[in-house]
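Notes follow once the structure below has been shown.
Atoms within each ligand, like the ligands themselves, are counted from 1 in listed order.
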Amino acid sequence: MKNERILTGIRPTGFLHLGNYFGATRNFLQLQHQFECFVFVADWHSLTTHPDTSQLKNSVKRVVAENIACGLDPEKVTLYVQSDVPEIAELYLYLNTLAYKGELEKTTTFKEKVRQHPENINAGLLTYPVLQAADIIIHRAAKVPVGKDQEQHLEMARNFAQRFNYRYGGSETILPEPYAFNYDGGDLVKILSLDGNGKMSKSENELNTIFLADDDSLIQKKIMKAKTDAGPVTPNSTKPDYIENLFTLMKLVSSADTVARFEDDYNNSYEGHVVIRYGDLKKQLSADMIRFLQPIREKTNELLANDQYLSKIMQMGKEKARSSAGETIALVRKAMGVQYY
Ligand code: TRP
């Protein structure tokens, strides 16, 4: 076990989909065997964009259940819910005094959300990166596996930690600066939306996104209507990205023989002699995808039906997380002089 702490947060704002699974979840599953890992449900963060809390409880439990069903071991990692750890809110408050209005307003994700929701530009949205910094810094020395869209938040977290140390630490590093964790090899899989328009995403075009919760017939329906074309014009052509995407998915869930067979068909096809049949490819992909997703879906449903077990897992995570967070808050208060007896 390497002596580094890895942390990641998941907002409970939608169901887990193939893009999340192959782009993030699956990689994290490897890390749990090598590092001390923290995984939490970022329910406070979701309030900045999803003020309706009527489904929050279900969504939080689903995130916990889906991650365990995918293979996250709650005995091994610290799996908890953000709002179960009030120490994070306290650190957020302190860090807010070290974050400047100007830099928060300039944050890319903030500007995007302002554009998307001009009717709800709340202060929580503005200070979203500060809360994220608190999430990370609360466990100290965290490395964070993040995508490109989160790198700016991580840079801000480093700045806040640095400012804290400068102002309250004297010559000491009270709060270590967090860094992005890069997976070895760097062969991160990117799954596109089935219509070929951008990344597979939970909020946009649901019919082009395969969720881990989708039942067999829905999986099949979505794959069968994925975008294709009339076939390659010349032999050995470069694949358009929507075709490449189907092959990417196939490589993830089908046997090597199957993939090789369709690759050959593709490479041997040209205008007037198209031997690849996208209908057959999609049928095969559907069958293999269904076989792959079925056990995860069933395990998720089993966990969701066992409320007692889920509660026990969340309580255990809460205790572990609060113990680590409490140590940091003690150091922070001491450094700041917020300690009177
Ligand atoms: N902002 C992250 C996202 O949108 C979620 C998140 C919240 C997070 N706190 C975090 C991720 C801390 C990593 C570390 O996906």
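- Applying the side chain to side chain donor-acceptor pair (under 3.5 Å) definition to pairs two or more places apart or across chains, those involving residues 295-304 are Asp216-Arg297.
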Find all protein N or O atoms under 3.5 angstrom from an N or O atom of ligand 1 and list the pairs with distances, or write 'none'.
{"from": "ligand 1", "atom 1": "1 (N)", "to": "Tyr128", "atom 2": "OH", "distance (Å)": "2.7"}
{"from": "ligand 1", "atom 1": "1 (N)", "to": "Gln132", "atom 2": "OE1", "distance (Å)": "3.0"}
{"from": "ligand 1", "atom 1": "1 (N)", "to": "Gln150", "atom 2": "OE1", "distance (Å)": "2.9"}
{"from": "ligand 1", "atom 1": "4 (O)", "to": "Arg11", "atom 2": "NE", "distance (Å)": "3.2"}
{"from": "ligand 1", "atom 1": "4 (O)", "to": "Arg11", "atom 2": "NH2", "distance (Å)": "3.3"}
{"from": "ligand 1", "atom 1": "4 (O)", "to": "Tyr128", "atom 2": "OH", "distance (Å)": "3.2"}
{"from": "ligand 1", "atom 1": "4 (O)", "to": "Gln150", "atom 2": "NE2", "distance (Å)": "3.4"}
{"from": "ligand 1", "atom 1": "9 (N)", "to": "Asp135", "atom 2": "OD2", "distance (Å)": "2.7"}

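- In terms of the side-chain contact (heavy atoms from CB on, under 4.5 Å) criterion, residue partners of Lys143 (sequence neighbours excluded) are, by chain and number, Glu4, Ile6, Phe181.
- Applying the side chain to side chain donor-acceptor pair (under 3.5 Å) test to Glu263 and every residue at least two apart in sequence or in another chain returns Lys239.
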Exercise for the section: Evaluate side chain to side chain contact (heavy atoms under 4.5 Å, CB included) for His153 paired with Thr107, printing each intermediate quantity in order. Expected result: CA-CA 8 Å; His153 291 174; Thr107 313; 3.9 Å; yes
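- Hydrophobic clustering, with ILVMFWY side chains joined whenever heavy atoms are under 4.5 angstrom apart, groups Ile121 together with Leu104.
- When only modelled atom types and interatomic distance are considered, His139 and Ser324 share a side-chain donor-acceptor pair under 3.5 Å.
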